[in-house]
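Notes follow the structure.
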Amino acid sequence: MLRTDKVSRPVSAFRFCLLLGLLAFVAPSQAAPALKAYNIDPGQISVSGLSSGGYMAVQFHVAYSSLIRGAGIIAGGAYFCARDDQQTALSVCACFALTCQNDPSAQRIPELVQITNQNASQGVIDPTSNLANDRVWLFSGSADSVVPPQVMNGLELYYKNYMGAANIFFRKDLPAEHAMPTDSFGNACSFRGEPFINDCDYDAAGELLKWIYGGLAARNPGTLGGEFVEFDQSEFLPSPDQHGMWPSGWAYVPAACANGEQCKLHVAFHGCRQYPGAPFASGPQGRIGDTFVKRTGYNPWADTNNIIVLYPQANAMTVGTRLPRSNPNGCWDWWGYDDVNYSKKSGRQMTAIKGMVSRLTGASTPPPPNGFCGAATNADHVSAGRAYTQGWWYWTSHYATGSNDYLGWRASANTTLHETSTGHFEEVASCP
């Protein structure tokens with residue numbers, strides 16, 4: 001979601017990215033507490049998301065389909081729509097390029113289905129048979145200028161390859177812009193801009209939760225009885241700010257869940273420019289802060305229906321680990337700005353979210369890896385097998401083994417690598 005405001009003088013893309021990059025590092029002054037476990041029914045886990053969060057929700061739903069019972073998608077698209085290509089993401093899966101080609105034929109949905117099936121056969125995502133009985137809720141504003149309805153038409157076609165039409169709800173007749181629709185908070189329904197939450201007299205959060213779970217009690221119309229819990233995301237992804245995630249995340253925990261009653265779990269992914277440090281004039285200290293967490297409409301329904309809502313938080317990156325890609329708007333990684341495995345279970349952000357879900361449900365999680373971590377020249381890393389080179393002579397570049405993090409072209413440059421799993425090295429600012 002890029003700004004389209006007119007200004008009196010041009011601002012270079014570099015300066016724009018630099019500004020957002022500086023904002024991205026506005027972090028909590030101290031680490032948040034660790035995320036706790038609760039009594040969660042493992043068969044009652046679902047996801048939803050807006051924009052890049054919609055793509056992330058689809059990605060997580062498909063990759064971890066053995067865990068998820070349903071998904072709600074607002075302004076998102078099919079699994080692997082971007083095909084690991086930023087230009088495709090901007091021109092086919094969204095509408096940022098001068099020429100947008102958003103219809104399902106441009107998205108090549110049959111090919112995306114084929115890629116999904118191939119990934120499943122290779123075991124890098126869960127078997128697609130898990131999707132057959134899931135419930136999917138889709139919303140596309142007819143006035144959406146960023147992810148137009150054609151993209152979500154493609155998503156509907158994609159899901160129909162794995163489940164019956166009766167399992168899919170799709171609303172696309174409301175003239176809403178690119179935002180999370182609510183029935184009581186936000187900008188005018190036709191407005192495009194921060195905080196990307198619009199009052200459309202339509203409770204999208206409630207509607208998607210009702211479709212996924214069915215038979216829910218009415219939402220809490222008054223003061224919430226539960227608590228907002230901020231937790232440390234670096235426990236699930238070391239140096240999260242270097243991989244497009246904020247240092248801390250949030251969860252809303254109803255009182256009944258905190259007291260040990262069995263609860264459901266819903267994971268809600270925010271969109272671009274909705275991460276805590278994103279500029280927003282009326283937010284805390286001029287930032288978005290917890291606006292998405294507290295004002296999108298999930299919590300009143302969670303309060304009366306014993307649903308814990310997990311709100312993972314993304315972050316901006318002026319330069320991604322896979323040059324020349326970047327993430328200046330704090331989007332989730334659905335086109336590969338940070339990780340070649342971004343759409344698979346082994347993707348860094350995917351693994352981090354899975355770790356949060358496992359923690360909340362009390363499932364066992366492997367201890368943090370304690371492999372190699374240290375600084376050396378790129379040449380030494382290559383000699384030790386921690387990195388490799390591509391190119392020839394002047395054009396040779398160095399990459400970390402496993403993660404493919406770009407380490408630069410100089411063999412004598414010192415870089416710090418951390419072996420986060422056997423044979424998988426990532427560039428870090430410092431060792432944990």
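Bear in mind the structure is a predicted one, so any value in this text is a computation, not a measurement.
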Which residue is it: Thr128, Asn130, Asp134? I am looking for the one with a side-chain hydrogen bond (donor to acceptor under 3.5 Å, both in side chains) to Ser65.
Asn130

If we ignore angles and hydrogens, is there a donor and acceptor under 3.5 Å between the side chains of Tyr162 and Ser129?
no

Yes or no on salt bridge (Lys or Arg N to Asp or Glu O under 4.0 Å) for Asp84 and Arg325, after CA distance, side-chain angles and deciding distance?
CA-CA 11 Å; Asp84 196 28; Arg325 307 174 192 216; 3.0 Å; yes

NZ/NE/NH1/NH2 to OD/OE distance under 4.0 Å, Asp405 and Arg348
yes

Trp250 and Phe231: aromatic ring centres closer than 6.0 Å?
no

Quick one, Tyr342 and Gln59 - any side-chain contact, counting heavy atoms below 4.5 Å?
yes

Just by distance, do the side chain of His270 and the backbone of Ala314 share a donor-acceptor pair under 3.5 Å?
yes

Does Arg171 make a cation-pi contact with Phe139, if we ask for NZ or CZ under 6.0 Å from the ring centre and within 45° of the axis?
no

Sub-3.5 Å donor-acceptor pair from the side chain of Asp290 to the main-chain atoms of Val293, do we have one?
no

Counting C-beta onward and ignoring hydrogens, is there a side-chain heavy-atom pair between Ser46 and Tyr213 closer than 4.5 Å?
yes

When you measure from the side chain of Ser52 to the backbone N and O of Trp332, does any donor-acceptor pair fall under 3.5 Å?
yes

For Ala132, all residues meeting side-chain contact (heavy atoms from CB on, under 4.5 Å), sequence neighbours excluded:
none

Pairs of donor and acceptor atoms involving the side chains of residues 32-45, under 3.5 Å and at least two apart or interchain, shall be tabulated with distances.
| unit_1 | atom_1 | unit_2 | atom_2 | d |
| --- | --- | --- | --- | --- |
| Asn39 | ND2 | Gly260 | O | 3.2 |
| Asp41 | OD1 | Gly43 | N | 2.9 |
| Gln44 | OE1 | Arg69 | NH1 | 2.7 |

Counting distance only, does the side-chain N/O of His418 pair as donor-acceptor with the main-chain N or O of Cys373 below 3.5 Å?
no

Could you tell me whether the side chain of Met245 reaches within less than 4.5 Å of the side chain of Gln349, counting heavy atoms only?
yes

List the steps and the verdict of side chain to side chain contact (heavy atoms under 4.5 Å, CB included) for Ser343 and Tyr79.
CA-CA 8 Å; Ser343 64; Tyr79 175 86; 3.5 Å; yes

Worked check of side-chain hydrogen bond (donor to acceptor under 3.5 Å, both in side chains) between Arg192 and His178:
CA-CA 6 Å; Arg192 172 178 163 181; His178 191 70; over 6 Å; no

When you look at CD of Gln262, are more than 12 heavy atoms from neighbouring residues, nucleotides or ligands closer to it than 6.0 Å?
yes

Whether Ser248 side chain and Gln233 backbone form a donor-acceptor pair below 3.5 Å:
no

Would you check if Thr88 and Trp335 make a side-chain contact, meaning some heavy-atom pair closer than 4.5 Å?
no

Are His266 and Tyr298 an aromatic pair, judged by ring center distance below 6.0 Å?
yes

Check the side chains of Asn198 and Thr182 for a donor-acceptor pair under 3.5 angstrom, ignoring hydrogens and angles.
no

For Phe280, the option from Arg287, Glu194, Arg273 that meets side-chain contact (heavy atoms from CB on, under 4.5 Å)
Glu194

Going by distance alone, is a donor N or O of one side chain under 3.5 Å from an acceptor N or O of the other, for Thr291 and Gln274?
no

Regarding Arg386 and the six-membered ring of Phe372, is the cationic atom NZ or CZ under 6.0 Å from the ring centre and inside 45° of its axis?
yes

Distance-only donor-acceptor check, side chains Asn153 and Tyr158, under 3.5 Å
no

Tell me whether Gln107 contacts the main-chain N or O of Cys81 through its side chain, where contact means a donor paired with an acceptor under 3.5 Å.
no

